[in-house]
Amino acid sequence: MSKDIKHVGVFCSGGDAPGMNAAIRAVVRTCAHNDLHVHGIYNGYEGLIEGDIARLETRDVANIMHKGGTVLKTARSERFRTKAGRKAAYETILAHDLDAIIAIGGNGTMTGAKIFEEEFGIPFIGIPGTIDNDLFGTDYTIGFDTAVNTAIEAVDKIRDTADSHNRLFFIEVMGRHSGYIALYTGIGSGAGGILIPEIGTDVDELMTVLQKMMKRKKLFGLIIVAEGNENGTCQEVADLVARELTNYEVKVAVIGHLQRGGSPTAMDRILASRMGYGAVTGLLNGISKVMCGVHNNEVVYVPIKDAIKKKKDIEKELLELAEILSM
Ligand code: F6P
């Protein structure tokens with residue numbers, strides 16, 4: 001066990017994700033259990049630069065498990081990208097005697113922590129918190145399950161009106177560079193088509209699918225499009241299809257930030273609790289420069305360079321399944 005770690009800083013950075021509060025709670029309470037002091041840093045790396053930091057006790061994280069968003073707030077920091085910004089952040093670390101940090105967020109958050117460690121030698125562990133589920137080495141990231149459930153609920157509602165009016169809906173879900181939300185939402189809502197960046201949009205293929213649908217006298221349709229779809233936005237693809245397939249009345253719906261809010265699902269609460277606990281015990285065991293993930297239902301520590309650089313592949317089996325079931 002490392003004797004050096006007595007004061008731990010925890011923050012969230014990047015886009016919020018439902019379940020981040022459960023992770024914060026787990027970090028604070030696991031630290032308390034091990035007689036460590038925890039400091040909550042507000043607004044991510046911005047708060048580290050500004051010294052926006054406060055001691056967190058066990059009772060401070062009561063009654064937050066079920067809440068969406070993050071009680072520590074979050075931000076995307078441009079200043080932390082600069083050396084001067086990182087130096088200011090290091091001053092905060094020194095002023096508060098922090099021995100290690102736990103950073104909850106996505107790819108940008110992990111990258112920031114890695115650079116910070118390289119420059120100033122601050123041990124850290126990352127916790128994957130992003131609805132996009134795009135970090136390598138963990139099966140799921142915190143917030144993904146909740147976001148997919150929210151998106152499916154929205155698509156179910158769109159299905160009702162699409163069916164009543166015989167309309168073809170193109171529905172955009174989040175995922176800047178990742179098709180995970182689109183794929184899982186598409187399968188879970190029984191969509192007719194799914195367009196994701198990982199496999200590119202083959203509009204000709206989509207047309208064939210839609211023409212087959214028309215031949216089968218399927219009068220309405222739901223196509224899920226990932227925000228990061230590479231060959232056109234949801235609106236662009238819908239416009240293109242509307243020009244070619246004049247029998248269908250085409251509509252577009254963008255689910256947007258609805259997917260980022262709301263009370264986390266049981267899966268996200270438990271995942272986040274395991275990761276928060278895993279991050280603290282990892283630090284106590286002298287582990288650093290890793291992301292604490294869950295793979296095959298076991299807590300794992302993924303080298304940070306792998307988590308941010310290696311590509312998380314979309315499961316081929318799911319792609320095939322989605323295609324077969326959409327017929
Ligand atoms: O957090 C991930 C994410 O929700 C992406 O799916 C999306 O592209 C992006 O954040 C939106 O970010 P912002 O809320 O800053 O517009």
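Both counts, for ligands and for their atoms, begin at 1 and track the order of listing.
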More than 12 heavy atoms from other groups under 6.0 Å of CD on E118 = yes
Lining ligand 1 at under 4.0 Å, by non-hydrogen atom distance, are residues G15, R76, I131, D132, M174, G175, R176, E227, H257, R260
How about Y184 and F144: are their ring centres within less than 6.0 Å of each other?
-> yes
Distance flag, aromatic centroids of Y45 and F11, threshold under 6.0 Å = yes
V155 vs I152 side-chain heavy atoms within contact, under 4.5 Å = no
Tell me, please, whether F220 has K218 positioned over its six-membered ring: NZ or CZ under 6.0 Å from the ring centre and within 45 degrees of its axis?
-> yes
Parallel under 30°, tilted from 30 to 60°, perpendicular over 60°: which one fits the rings of F120 and Y90?
-> parallel
